[in-house]
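All heavy atoms count here, side chains included; hydrogens, waters and symmetry mates do not. Just so it is clear: chains get the letters A, B, ... in the order the sequence lines come, proteins before strands, and each one is counted from 1.
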Amino acid sequence: MSATSAEVRAPLKPLGRSFFDRPTETVARALLGVWVVRSTPDGLSAGPIVETEAYGGPDDLASHSRAGRTRRTTPMFGEVGHAYVYLVYGMHQCLNVVAYNGREAGAVLIRAIAPVLGVDDIRRRRGRPTDPTYRLCSGPAKLCQGLAVDRSFDGHDLTLGEGLWLAAPGAPVGLRVQSETQIASGARIGVDYAGEWAARPWRFWLAGNRSVSRQR
DNA sequence: CGAATGATACCCT
DNA sequence: GGGTATCATTCGG
């Protein structure tokens, strides 16, 4: 007997605002193992985060907030715990959660999850029928496509538990707990333009997890 | 390795 | 206001 969407909904309670009111590096680490939950008319699609990147305030030359508050970066200067979703390379979306911005307008990029719930829906939305499950959301844009997250979620409050939210592990869905796995860190990806900021080890992932976008 | 693809930021009139 | 270089990626060759 498998768990229905209704049965897993209650345990997947959204993280509260205070979780995100910490330095972005701290939040980025703490988010490993936390679930991204997406609720659509089809049901729930969800899985634990296995890879993140921390982006700081305007002084972080790799962060979008380096340009100050613009139309695009407005969510980064808003309340923590809201989503910042942007279009990159003209065709891909990336999901961030705003963190600690009372002091620096930062955000955490969610780079990969391990699909657990709604795998068939995720695979269909990805359009990759033969991909192994663990690789369906192994990248920031793949994750957004798989979970049907687009810019309509830009600014969305992730603490409400409506449509899209983040939930702490512990639910009876066979979760992998963060403490069971070693956390690795390294330079962020695709930010070579950021000078010495590019070398900061602000990318975090669960060591050895197959759903991480790139190993080592 | 390079194309796809379009919003954005930034510079210039 | 208008032109343009750039881009927190992915996929296929």
Side-chain angles (χ1 to χ4, degrees), chain A residues 20 23-25 27-29 31-32 36 49-78 80 82-101 104-115 122-156 158 164 166 184-205 210-216:
Chain A
F20 306 100
T24 54
E25 314 94 89
V27 175
R29 273 182 174 275
L31 279 175
L32 294 176
V36 177
I49 296 170
V50 300
E51 180 183 358
T52 60
E53 280 177 1
Y55 286 87
D59 47 327
D60 176 6
L61 296 181
S63 176
H64 286 177
S65 67
R66 70 187 180 276
R69 180 178 184 140
T70 66
R71 172 101 176 205
R72 178 169 77 153
T73 63
T74 291
M76 291 188 75
F77 291 81
V80 300
H82 288 245
Y84 165 48
V85 183
Y86 65 91
L87 183 73
V88 71
Y89 296 112
M91 62 186 93
H92 298 303
Q93 332 252 346
C94 291
L95 170 66
N96 299 253
V97 54
V98 177
Y100 213 35
N101 70 350
E104 54 171 306
V108 175
L109 171 66
I110 301 174
R111 286 194 57 91
I113 71 168
I122 291 173
R123 178 171 282 111
R124 171 177 49 76
R125 287 187 290 253
R126 284 280 297 130
R128 311 217 104 232
T130 63
D131 269 11
T133 299
Y134 70 87
R135 217 179 304 198
L136 289 173
C137 295
S138 59
K142 297 167 71 174
L143 179 163
C144 283
Q145 187 181 27
L147 296 183
V149 171
D150 58 23
R151 279 172 298 165
S152 67
F153 283 100
D154 192 36
H156 176 77
L158 295 169
L164 177 66
L166 301 170
S185 63
R188 294 170 290 183
I189 290 175
V191 297
D192 294 338
Y193 57 82
E196 57 188 39
W197 287 90
R200 294 213 174 198
W202 282 3
R203 172 177 174 239
F204 304 94
W205 66 94
R210 292 186 302 174
S211 294
V212 170
S213 65
R214 313 187 197 178
Q215 290 296 345
R216 200 58 244 174

(request) State which of B:dA9, C:dC11, C:dA8 makes the closest approach to the side chain of A:T70. (result) B:dA9
(message) Looking at A:R66, I'd like to know whether one of its side-chain N or O atoms comes within less than 4.0 Å of OP1 or OP2 on C:dT6.
(response) no
(request) Provide, to the nearest angstrom, the distance between the CZ atom belonging to A:R125 and the P atom belonging to C:dT10. (result) 17 Å
(message) Quick check, does A:Y55 stack with C:dA8? I mean ring centres under 5.5 Å and planes off by under 30°.
(response) yes
(message) With a 3.5 Å cut-off and heavy atoms only, can you find an N or O donor on one side and an acceptor on the other between the side chain of A:Y89 and the base of B:dA4?
(response) no
(message) If I take atom CD in residue A:Q93 and atom P in nucleotide B:dA7, what distance separates them, rounded to the nearest angstrom?
(response) 11 Å
(request) Quickly work out the A:Y193 OH to B:dT8 P distance and round it to whole Å. (result) 16 Å
(message) Given B:dA9, C:dA8, C:dT10, identify the nucleotide with an atom nearest to the side chain of A:L109.
(response) C:dA8
(message) What contact category does A:R188 fall into here, base, sugar-phosphate, or nothing, at under 4.0 angstrom with non-hydrogen atoms?
(response) nothing
(message) Please confirm whether the shortest side-chain N or O distance from A:H64 to OP1 or OP2 of C:dA8 is below 4.0 Å.
(response) yes
(message) For B:dT5, give the paired nucleotide (Watson-Crick: N1-N3 plus N6-O4 or O6-N4; G-U: N1-O2 and O6-N3; both under 3.5 Å), or none.
(response) none
(message) Using OP1 and OP2 only, check whether a side-chain N or O of A:R214 sits under 4.0 Å from C:dT9.
(response) no
(message) Using heavy-atom distances to pick each residue's nearest nucleotide on DNA chain B, tell me which of A:H92 and A:R151 is more 5'.
(response) A:H92
(request) Return the nearest nucleotide to the side chain of A:R126; candidates are C:dT10, B:dC10, C:dC11. (result) C:dC11
(message) Just the rounded figure in Å: distance from P of B:dA7 to CZ of A:R71.
(response) 12 Å
(request) Determine: side-chain N/O of A:R128 to OP1/OP2 of C:dG12, distance under 4.0 Å, yes or no. (result) yes
